[in-house]
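Notes follow once the structure below has been shown.
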Amino acid sequence: MSKKQLLPLLLLPVIWGSYYVASHEALSLMSVFSVGIVIRAVTMVFLTVLMGVRGELKDLFRVNRVWKWLCLIGLMGFLLDTTAFIGLQLSPAGIGTALLKCDVLFVNLISVVVYKERFTVSDWILSLVMLFGVFLVLNIDLAHLDLFNVGNIFFILSALFVSINAFLIKAAQHHPQNPVSDNVIAYYNNFITLVLFCIAAAVTRQLGELGQMGGNSYLLWALLASGVGQTLIYVVYYYDLRRNPVWLVKVILLLMPIVAAVLGLFLFGDTMTPMQCAGLVVVLAGALCILVTHHRREVQRTQS
């Protein structure tokens with residue numbers, strides 16, 4: 001694997017972990033759909049500027065044959081965000097982060113059952129070991145984890161929607177009749193999700209909260225940081241999905257809780273126990289083993 005492929009992969013959990021921390025802070029001060037509206041609106045501005053500078057805005061109208069995929073991606077974007085946000089309000093953030101990372105198992109199963117990818121025993125073991133390390137980092141007691149808690153069910157649903165969406169995005173990127181660019185997919189995803197958030201906020205009467213943002217500078221900074229993070233996620237995540245198997249991208253994203261834990265350590269004065277530090281080592285070691293194994297397979301494939 002070249003540095004050009006490796007660096008964006010390793011950058012992704014840093015971006016996503018930072019986004020998670022910022023959005024969690026915003027959710028502590030505003031309701032789910034209001035936060036979703038602002039984050040997506042900020043992201044829409046950034047994407048419009050980015051595509052305008054690159055001269056890509058005209059490509060938004062060249063989505064013949066692929067528009068159905070784009071609508072599904074937007075719907076999944078709304079569902080995965082909504083279920084995760086609701087979960088964050090009903091269950092502890094640490095448990096939520098851990099359960100959201102169960103998407104790696106959903107992705108592995110979809111890859112094997114639907115796309116007939118070949119997974120070795122070591123692939124499964126390393127994925128499970130990294131997931132176990134994530135639970136250690138987040139200080140989750142598996143013996144007392146109630147998977148059927150309402151909040152936890154929402155986290156698991158979000159993990160499922162994230163997994164499905166990853167394959168939909170990859171399908172749109174490589175559509176046989178009309179493959180579209182990453183920014184076009186991101187724009188439609190963000191726009192459709194924004195519209196659905198607006199409808200949901202209107203139905204639940206949360207729109208009035210938007211007028212209260214001006215009096216809270218901390219909330220404004222959290223929302224702005226979340227919008228920047230969401231934009232970077234679109235750019236880097238889609239770049240990685242286009243060039244790597246979905247399962248590999250998801251496995252590397254298991255590093256995200258480490259980023260969130262480190263940010264909590266430095267920004268909010270959180271502490272880490274020896275067990276959490278051990279989990280950190282487990283996750284990093286698992287990621288290294290997977291990257292090395294994947295690189296060896298690529299070399300063998302090119303030589304055969």
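These values consider heavy atoms only, across backbone and side chains, with no hydrogens, waters or symmetry-generated copies.
By the neighbour-count criterion of 12 heavy atoms within 6.0 Å, atom CZ of Phe191 is sparsely surrounded, having that number or fewer from other residues, nucleotides or ligands. No more than 12 heavy atoms of other residues, nucleotides or ligands shown are found within 6.0 angstrom of CH2 on Trp221.
Here Ile252 contributes atom CD1 and Asp240 contributes atom CG; the two are 9.5 Å apart, rounded to the nearest 0.5 Å. Atom CZ of Phe197 is separated from atom CG of Asn190 by 10.0 Å, given to the nearest 0.5 angstrom. For the atom pair Ile110 CD1 and Trp247 CH2, the distance stands at 15.5 Å (nearest 0.5 Å). For the atom pair CG (Leu12) and CG (Leu7), the distance works out to 12.5 Å, reported to the nearest 0.5 Å. Distance check: Leu168 CG to Ile164 CD1 gives 7.5 Å after rounding to the nearest 0.5 Å. Between Ser158 atom OG and Asp81 atom CG the span is 7.5 Å, to the nearest 0.5 Å.
The shortest side-chain heavy-atom distance between Leu128 and Phe132 does not fall under the 4.5 Å cut-off. With contacts defined as side-chain heavy-atom distances shorter than 4.5 Å, the pair Leu160/Ile156 does not qualify. Residues Asn108 and Asp123 are not in side-chain contact: their nearest non-hydrogen atoms beyond the backbone lie 4.5 Å or more apart. Side-chain contact check for Phe106 versus Val162: every heavy-atom pair is 4.5 Å or farther apart. Between Leu255 and Val283 the shortest side-chain heavy-atom distance falls below 4.5 Å. Between Gln230 and Phe46 the shortest side-chain heavy-atom distance does not fall below 4.5 Å. Side-chain contact between Ile169 and Asp182 is absent, with no heavy atoms from C-beta onward closer than 4.5 Å. Residues Met51 and Val184 are in side-chain contact: their nearest non-hydrogen atoms beyond the backbone lie under 4.5 Å apart.
Leu11 and Val228 end up in the same hydrophobic cluster when Ile, Leu, Val, Met, Phe, Trp and Tyr side chains are linked at under 4.5 Å. Placement of Val292 and Leu126 in two distinct hydrophobic clusters is found when ILVMFWY residues are connected by side-chain heavy-atom separations under 4.5 Å, directly or transitively. Side-chain heavy atoms closer than 4.5 Å link hydrophobic residues (I, L, V, M, F, W, Y) into clusters, and following such links, possibly through other members, connects Leu284 to Val249. Cluster annotation: Leu220 is connected to Val35 through the hydrophobic network of ILVMFWY side chains, with a link wherever side-chain heavy atoms come within less than 4.5 Å. Val114 and Phe161 fall within the same hydrophobic cluster, defined by Ile, Leu, Val, Met, Phe, Trp and Tyr side-chain heavy atoms under 4.5 Å apart, directly or through other members.
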* Val235 vs Ile15, side-chain contact (heavy atoms from CB on, under 4.5 Å): CA-CA, chis, key distance, verdict -> CA-CA 11 Å; Val235 174; Ile15 295 171; over 6 Å; no
For a side-chain contact (heavy atoms from CB on, under 4.5 Å) check, start with the C-alpha distance between Val14 and Leu10, then their side-chain angles and the critical distance, and finish with the verdict.
CA-CA 7 Å; Val14 176; Leu10 296 179; over 6 Å; no
| request: Please lay out, stage by stage, how Val21 and His24 fare under the test side-chain contact (heavy atoms from CB on, under 4.5 Å). | output: CA-CA 5 Å; Val21 171; His24 182 261; 5.8 Å; no
Working for side-chain contact (heavy atoms from CB on, under 4.5 Å), residues Leu291 and Leu6
CA-CA 9 Å; Leu291 287 172; Leu6 181 60; 3.8 Å; yes
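Between the side chains of Glu56 and Ser181, no donor-acceptor pair of N or O atoms lies under 3.5 Å.
Considering all non-hydrogen atoms of both residues, Ala201 and Ile37 come closest at CB-CD1, 3.5 Å. Closest heavy-atom contact between Cys102 and Ala159: C-CB, 4.4 Å. Shown here for Thr48 and Met44, the closest heavy-atom pair between the two residues is OG1-O, 2.7 Å. Across every non-hydrogen atom of Ala287 and Met130, the tightest pair is N-SD, 3.4 Å. Closest heavy-atom contact between Gly279 and Leu136: CA-CB, 3.6 Å. The heavy-atom pair separating Phe33 from Gln206 by the smallest distance is N-OE1, 3.1 Å.
Panel note: side chain Lys170, backbone Asn244; a donor-acceptor pair is recorded below 3.5 Å. Judged by distance alone, with hydrogens and angles left aside, the side-chain atoms of Glu25 form no donor-acceptor pair with the main-chain N or O of Ala22 at under 3.5 Å. Proximity of a side-chain donor or acceptor of Ser34 to a complementary backbone N or O of Leu210 within less than 3.5 Å is not detected.
Each of Thr83, Leu194, Thr193, Ile192 was scored for a side chain to side chain contact (heavy atoms under 4.5 Å, CB included) with Phe78, with one residue passing: Thr193.
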Side-chain donor-acceptor contacts of residues 57-74 below 3.5 Å, not counting sequence neighbours, with atom names and distances?
from	atom 1	to	atom 2	distance (Å)
Lys58	NZ	Gly55	O	2.5
Asp59	OD1	Arg62	NH1	3.3

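Ring-plane geometry between Trp16 and Tyr237 is classed as perpendicular, the angle between the planes exceeding 60 degrees on a 0 to 90 degree scale with a lower cut at 30.
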